[in-house]
Amino acid sequence: MLFEDLALSKSIQRAVFEEGYTNPTPIQEKAIPVILAGTDLVGCAQTGTGKTAAFAIPIIHQLHRMVGSSKKLKDIRTLIVTPTRELAVQIGESFDTYGKYTNLRQLTIFGGVSQVPQVDQLKKGIDILVATPGRLLDLHKQGFINLDHLHHLVLDEADQMLDMGFINDVKKIVKLTPANRQTLLFSATMPVAIRELAETFLNQPQYVSVTPVSSTAETVEQRMYFVDKGDKRKLLYHLIRNEAIADVLVFSRTKHGADNVVKALRKQGVAAEAIHGDKSQNARQRVLDSFKNKEVGVLVATDIAARGIDIDQLPYVINFDLPNVPETYVHRIGRTGRAGNGGIAISFCSKDEEPYWKEIHRLIKVNVKTINDHPYPWKDEVPNPDAKPDLRHKKKETNSRKSENSKKNKKRWY
C-alpha cells in the first residue's frame with residue numbers, strides 16, 4: 001500500500017511526500033483507515049514503528065476538512081495526552097510537520113516551565129492541544145482550557161501513564177470531554193490493566209496490533225553479560241573503551257543510579273550525560289541535543305524519560321539494569337535496529353536480577369548470546385534460563401520429614 005491509496009487530502013499528501021514517506025508502516029496501514037472512519041481504536045506497536053504518524057495524519061485530515069481555511073478564533077478539537085515532556089514536544093513537532101500546509105494551530109503544554117506563553121497561545125485559539133496530565137488539569141482548573149468542542153482524545157503511551165501513577169488524572173481528563181468524542185489509545189505494551197482502561201473509556205474500539213510485544217526485531221543482535229552488581233560500572237567502561245562503543249543509550253532503573261553511572265564514566269574521561277525526571281526541561285533538551293549532535297557519546301536514561309527520545313539509527317542500547325517487567329525489555333531494545341538498520345542490545349545481569357532475566361527469556365523465546373569472555377564474570381556458574389529447577393533436594397527433605405513424623409507418631413502410640 002502507498003500513502004496515495006489512503007485517500008488523504010492533497011495538503012497532507014504533499015507534507016508526507018516531502019518527509020520521504022512512500023509506504024505507510026504496518027501500524028499506520030492498519031490504524032489510519034479505522035481513524036478516518038471515526039471508530040475508537042486501541043493500537044499496540046513497538047517504539048519506532050510510526051505510532052505518532054498513525055494518529056496524527058488522519059486527525060489532521062479530519063480537522064482540515066472540518067475547519068477548512070478559517071483563521072478565526074479556534075476551539076480545541078483534538079487533545080493528545082502523553083506522560084512526558086519530551087514525548088509531548090516530539091508529538092507536537094509531528095503535528096506541525098504533517099499539518100504544515102493547513103491552517104491548523106497546534107500547542108504543546110507541559111509543566112516545569114512558565115505557563116504564561118502557553119496561556120497566551122490558548123487565548124489566541126488552537127485546534128490541537130498536546131499536553132502532559134498535570135499541566136493540562138492545572139490550566140483547566142484556572143479556566144484557560146475548554147474541552148467542550150473536542151472531537152478527538154488520544155491517550156498516548158498509556159502503559160507508561162499507568163506506571164507513572166497518572167491513571168486518576170486520566171480519568172479526570174476523560175470526564176472533561178464530550179461523550180461523543182472519538183477516543184484513540186496507543187501503547188507499546190498491552191498489559192491487562194490497559195485493556196481494562198480501554199473498556200472503560202472507549203466505545204466498541206477496534207484493536208490493532210503489529211509485531212507482538214513478546215517479539216524482538218531480527219535486526220537487533222542481543223548479548224548478555226552475567227556480571228556481579230558491584231562490577232557493572234567497570235564492565236560498562238571496559239566495553240565502551242575496548243569495543244569503541246559510541247552513540248549508546250544506557251538504561252538505568254532509577255534516577256539516582258543514572259547519575260551515578262554518569263559520574264563513574266566521567267571520572268574515566270567518557271563524555272556522558274543523564275536524562276531523567278529530576279532535571280529541568282531545558283536541561284533535558286540540552287542533553288538530548290548534545291547526544292543527537294554526537295557531542296556526547298553516552299546517554300544514560302530512565303525508562304520514563306527515554307519515552308520522549310526519538311533518535312534515528314541508534315547503534316547501541318545497553319541495559320545497565322534489567323527491567324522487572326519483561327515487556328519493558330522488548331521496548332528498550334526496540335530503540336535500536338529501526339527501519340531495517342542493524343543494532344546491538346547489550347544487557348548486564350547481576351545475581352539479584354536473575355529472576356528478571358528468566359522472565360524476559362520466557363517472553364521473548366530467543367537464544368540470546370551469552371558473553372563469558374569478559375573481566376568481571378559471576379564468581380560462580382552462569383545460569384541457564386532454560387534449565388528446570390532441581391527439585392531433588394526438596395524431595396529428599398520431604399521424605400526425611402515424613403520419616404521423622406512417622407517415628408514421632410509411632411512413639412506417641414507406643
Side-chain angles (χ1 to χ4, degrees), residues 47-48 52 82-94 96-97 108-114 117-118 130-135 156-157 160-161 163-164 188 232-233 236-237 239-241 244-321 323 328 331-338 343-346 348:
T47 185
T52 301
T82 193
T84 67
R85 294 173 283 189
E86 289 81 10
L87 191 55
V89 170
Q90 178 187 321
I91 293 171
E93 290 173 349
S94 294
D96 286 339
T97 297
T108 301
I109 64 172
F110 43 79
V113 296
S114 171
Q118 299 174 2
V130 185
T132 52
R135 179 52 62 94
D156 193 33
E157 301 290 0
Q160 280 301 304
M161 285 198 281
D163 291 342
M164 293 173 67
K232 281 189 174 184
R233 296 176 199 168
L236 179 60
Y237 174 70
L239 294 178
I240 290 172
R241 282 301 184 217
I245 291 177
D247 300 328
V248 55
L249 177 59
V250 179
F251 282 97
S252 170
R253 191 176 298 118
T254 66
K255 305 169 189 176
H256 181 67
D259 287 335
N260 285 339
V261 170
V262 168
K263 288 178 183 177
L265 290 176
R266 286 178 176 175
K267 285 182 180 179
Q268 299 291 341
V270 177
E273 291 281 1
I275 184 169
H276 51 65
D278 281 351
K279 291 184 177 290
S280 68
Q281 170 63 21
N282 290 336
R284 290 159 79 172
Q285 194 59 50
R286 177 185 57 78
V287 168
L288 190 54
D289 290 342
S290 297
F291 185 67
K292 288 182 177 180
N293 295 332
K294 302 187 184 301
E295 297 168 5
V296 172
V298 181
L299 181 62
V300 187
T302 56
D303 286 299
I304 292 173
R307 281 294 174 103
I309 299 174
D310 186 21
I311 302 167
D312 294 330
Q313 299 181 356
L314 184 66
Y316 295 96
V317 167
I318 295 180
N319 291 302
F320 185 86
D321 297 315
T328 301
H331 184 86
R332 285 181 178 183
I333 71 170
R335 294 190 167 278
T336 186
R338 293 186 178 190
I344 297 175
I346 297 170
F348 296 169

Assess whether side chain to side chain contact (heavy atoms under 4.5 Å, CB included) is satisfied between Asn319 and Ile333, documenting all intermediate values.
CA-CA 8 Å; Asn319 291 302; Ile333 71 170; 3.9 Å; yes
Is there a donor-acceptor pair under 3.5 Å between the side chain of Arg135 and the backbone N or O of Val113?
yes
As an exercise, state the distance from CG of Asp247 to NZ of Lys292, rounded to the nearest 0.5 Å.
13.0 Å
Does the side chain to side chain contact (heavy atoms under 4.5 Å, CB included) test come out yes or no for Val270 and Arg241, once each step is laid out?
CA-CA 9 Å; Val270 177; Arg241 282 301 184 217; 3.8 Å; yes
Taking all atoms of both residues into account, what is the closest heavy-atom pair of Asp259 and Ala274, and its distance?
OD1-CB, 3.6 Å
How close do Arg233 and Asn260 get, heavy atom to heavy atom, and via which atoms?
NH2-CB, 3.6 Å
Residue pair Ala301 / Leu249: nearest heavy atoms and the distance that separates them:
CB-CD1, 4.0 Å
Are any non-hydrogen side-chain atoms of Phe320 and Val261 less than 4.5 angstrom apart?
yes
Where Val287 and Glu273 come nearest, the two heavy atoms and their spacing
CG1-CB, 3.5 Å
Taking every non-hydrogen atom, the tightest pair across Ala272 and Leu265
CB-CD1, 3.9 Å
Once you round to the nearest 0.5 Å, how far does NE2 of His331 lie from CZ of Phe251?
7.0 Å
Would you indicate whether the side-chain heavy atoms of Arg332 and Thr328 approach each other to under 4.5 Å?
yes
Hey, does Ile346 have a side-chain heavy atom less than 4.5 Å from the side chain of Ile245?
yes
Rounded to the nearest 0.5 Å, what's the gap from CG on Leu87 to CG on Asp156? Could you check?
5.5 Å
Taking all atoms of both residues into account, what is the closest heavy-atom pair of Thr254 and Ser252, and its distance?
O-OG, 3.0 Å
Does Thr132 use its side chain to pair, donor to acceptor, with the backbone of Thr84 at less than 3.5 Å?
no
Flag side-chain contact, heavy atom, 4.5 Å: Val298 against Ile318
no
CD1 on Ile240 to OH on Tyr316, rounded to 0.5 Å:
11.0 Å
Does any non-hydrogen side-chain atom of Phe348 lie less than 4.5 Å from one of Val250?
no
Please lay out, stage by stage, how Leu314 and Phe291 fare under the test side chain to side chain contact (heavy atoms under 4.5 Å, CB included).
CA-CA 11 Å; Leu314 184 66; Phe291 185 67; 3.9 Å; yes
